[in-house]
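Please read the structure below before turning to the comments.
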Amino acid sequence: MTDRARFTGSSVIVTGAASGIGRETAIRFAAEGAKVTVADIDEAGARATVDAIEAAGHTARVSVTDVSSTEAVRSMVDGAVATYGRLDVLHNNAYWAPINRTVTDTSDEEWERTIAITLKSVFLGCKFGIEAMLGNGGGTIVNTASTAGLVASPSFAAYMAAKGGVIALTRSVAFDYGKQGIRCNAVAPGLTRTAATDPVFADQDRLDFLTAKLLLGRAGEPVDIAMAVLFLASAESGFMTGQTMVVDGGRLIA
Ligand SMILES: NC(=O)c1ccc[n+]([C@@H]2O[C@H](COP(=O)([O-])OP(=O)(O)OC[C@H]3O[C@@H](n4cnc5c(N)ncnc54)[C@H](O)[C@@H]3O)[C@@H](O)[C@H]2O)c1
């Protein structure tokens with residue numbers, strides 16, 4: 001899969017790692033030598049990710065975690081430190097949001113759930129993750145934002161607000177903790193083939209319409225995003241912090 005080993009001996013947490021981008025990122029971190037905590041509310045999916053990592057001869061463990069819960073995120077970080085002795089990298093990636101909702105269509109419950117799972121989760125991950133990283137002299141955080149946090153997207157109100165918040169929070173963490181050895185960046189995927197986008201990939205006309213706007217002529221695959229996450233988490237991006245890296249096949253500049 002790779003002959004690189006940028007994370008040998010590192011302890012890495014990936015949230016939302018039962019599926020899609022998070023699963024691929026967890027597999028790639030493990031393939032490059034990391035000991036990975038696969039965190040997700042979906043226990044069976046997280047187990048399947050760990051099974052895939054172990055089948056390849058690498059190291060991972062499941063952490064059943066609801067990322068919107070303070071106690072659950074604290075215990076996710078404590079579990080990684082207890083098992084692997086430290087925390088070097090945190091990839092805050094889990095999300096939930098309703099689709100096809102303008103502001104007036106969005107219920108209070110949908111708004112609050114989106115903010116809790118997609119934005120508060122990043123706050124909680126950073127809060128406990130930073131405390132653990134400071135114990136070993138620093139670390140790196142990579143948050144999954146979205147192009148929808150940078151430009152408008154139709155009928156996606158709560159998600160856009162949450163992802164805009166993720167981008168701002170990324171800058172806040174970068175500002176406050178850089179001198180203590182913590183870098184914090186975000187990746188902003190465009191259309192990527194995962195469970196979340198199944199309805200788009202199942203509708204050829206819609207897919208053709210959307211991919212026609214992409215300068216590279218294709219939608220993203222989870223590995224396209226995973227490799228950007230690994231770069232931002234690695235020493236190769238050692239002079240970058242507070243940035244949001246757009247990985248979208250050229251959609252935003254077109
Ligand atoms: N797929 C795309 O086109 C795309 C585009 C831009 C941004 N993103 C972002 O990429 C990230 C990953 O999305 P994906 O496309 O891989 O989706 P996905 O549906 O494949 O994975 C999302 C994961 O989050 C988990 N999750 C949901 N609620 C949770 C909770 N409360 N606690 C813990 N885990 C929870 C799910 O169980 C699932 O495993 C998200 O942050 C998403 O906003 C995706």
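In listed order, ligands and their atoms are each counted from 1. Position 1 is the first residue of the sequence; numbering continues from there. Heavy atoms only: backbone and side chains are in, while hydrogens, waters and symmetry mates are out.
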Could you go through D224 and R218, starting from their C-alpha distance and side-chain angles, then the distance that decides it, and tell me whether this counts as salt bridge (Lys or Arg N to Asp or Glu O under 4.0 Å)? CA-CA 12 Å; D224 293 314; R218 68 168 178 91; 2.9 Å; yes
Test salt bridge (Lys or Arg N to Asp or Glu O under 4.0 Å) on R74 and E71; report intermediate values, then the result. CA-CA 5 Å; R74 188 201 304 270; E71 279 321 306; 3.3 Å; yes
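Geometrically, ligand 1 and S68 share no nitrogen or oxygen pair separated by less than 3.5 Å. For the pair I117 and ligand 1, the shortest N or O to N or O distance does not fall below 3.5 Å. Between Y159 and ligand 1, at least one pair of N/O atoms sits closer than 3.5 Å. For L191, no nitrogen or oxygen atom sits less than 3.5 Å from a nitrogen or oxygen atom of ligand 1, counting backbone and side chain alike.
Heavy-atom proximity to I21, at under 4.0 Å, picks out these atoms of ligand 1: 10 (O), 16 (O), 44 (C). Atoms of ligand 1 lying under 4.0 Å from any heavy atom of A195, numbered from 1 in the order shown and given with element: 20 (O). Those atoms of ligand 1 with a heavy atom of T65 less than 4.0 angstrom away are 32 (N), 33 (C). When each atom of ligand 1 is checked for a heavy atom of S146 under 4.0 Å away, the hits are 6 (C), 7 (C). Heavy-atom contacts of T144 reach the following atoms of ligand 1: 9 (C), 10 (O), 11 (C), 41 (O) (cutoff under 4.0 Å). Interface atoms of ligand 1 facing G20, defined by a heavy-atom separation under 4.0 Å, are 16 (O), 20 (O). Set against the non-hydrogen atoms of D66, the atoms of ligand 1 under 4.0 Å away are 30 (C), 31 (N), 32 (N). For ligand 1 and A196, the ligand atoms under 4.0 Å from any heavy atom of the residue are 15 (O), 17 (O), 19 (O).
Between the side chain of E110 and the main chain of S107, a donor-acceptor pair closer than 3.5 Å is present. Remark: the backbone N or O of G138 is paired with a side-chain donor or acceptor of N136 at under 3.5 angstrom. When atom types are taken as modelled, the side chain of T244 and the backbone of A186 share no donor-acceptor pair closer than 3.5 angstrom. For S237 (side chain) and F231 (main-chain N/O), a donor-acceptor pair under 3.5 Å exists by modelled atom type.
Of all protein heavy atoms, the one closest to atom 20 (O) of ligand 1 is S19 OG, 2.5 Å. Distance from atom 6 (C) of ligand 1 to its nearest protein heavy atom, with residue and atom name: P189 O, 3.2 Å. The closest protein non-hydrogen atom to atom 12 (C) of ligand 1 is N93 OD1, 3.4 Å. In terms of protein heavy-atom proximity, atom 24 (O) of ligand 1 is closest to G16 CA, 3.7 Å. Nearest protein heavy-atom neighbour of atom 27 (C) of ligand 1: Y95 O, 3.3 Å. Of all protein heavy atoms, the one closest to atom 14 (P) of ligand 1 is T194 OG1, 3.5 Å. Remark: minimum distance from atom 29 (C) of ligand 1 to any protein heavy atom is reached at I41 CG2, 3.7 Å.
Residue T192 holds the heavy atom nearest to atom 1 (N) of ligand 1 of all those in T192, V38, D198. When D40, N92, D42 are ranked by how near their heavy atoms come to atom 37 (O) of ligand 1, first place goes to D40.
Within 6.0 Å of CD in E43 there are 12 or fewer heavy atoms belonging to other residues, nucleotides or ligands. Atom CZ of F201 has more than 12 neighbouring heavy atoms from other residues, nucleotides or ligands inside a 6.0 Å radius.
Considering all non-hydrogen atoms of both residues, N185 and G242 come closest at OD1-N, 3.2 Å. Residues T140 and A233 share a closest heavy-atom pair of OG1-O, 3.0 Å. The shortest heavy-atom contact between T59 and A30 is O-CB, 4.3 Å.
With a heavy-atom cut-off of 4.0 Å, A145 touches ligand 1 through its backbone alone. Using a 4.0 Å cut-off between heavy atoms, T197 contacts ligand 1 through its side chain alone, with no backbone atom that close. Both the backbone and the side chain of V67 come within contact range of ligand 1, each with a heavy atom under 4.0 Å. With a 4.0 Å heavy-atom cut-off, ligand 1 is reached by no atom of T15. Residue K163 touches ligand 1 through its side chain alone, judged by heavy-atom distances below 4.0 Å.
For the residue pair T147 and R251, no side-chain donor N or O sits within less than 3.5 Å of a side-chain acceptor on the partner. A donor and an acceptor atom, one from each side chain of T102 and T104, are located under 3.5 Å apart. A donor-acceptor contact closer than 3.5 angstrom links the side chains of N143 and T170.
The shortest distance between side-chain heavy atoms of V14 and V38 does not fall below 4.5 Å.
Each of D40, T49, T194, N93 was compared with R23 under the side-chain hydrogen bond (donor to acceptor under 3.5 Å, both in side chains) criterion, and only T49 meets it.
Contact analysis puts G190 in contact with ligand 1, with a non-hydrogen atom separation below 4.0 angstrom.
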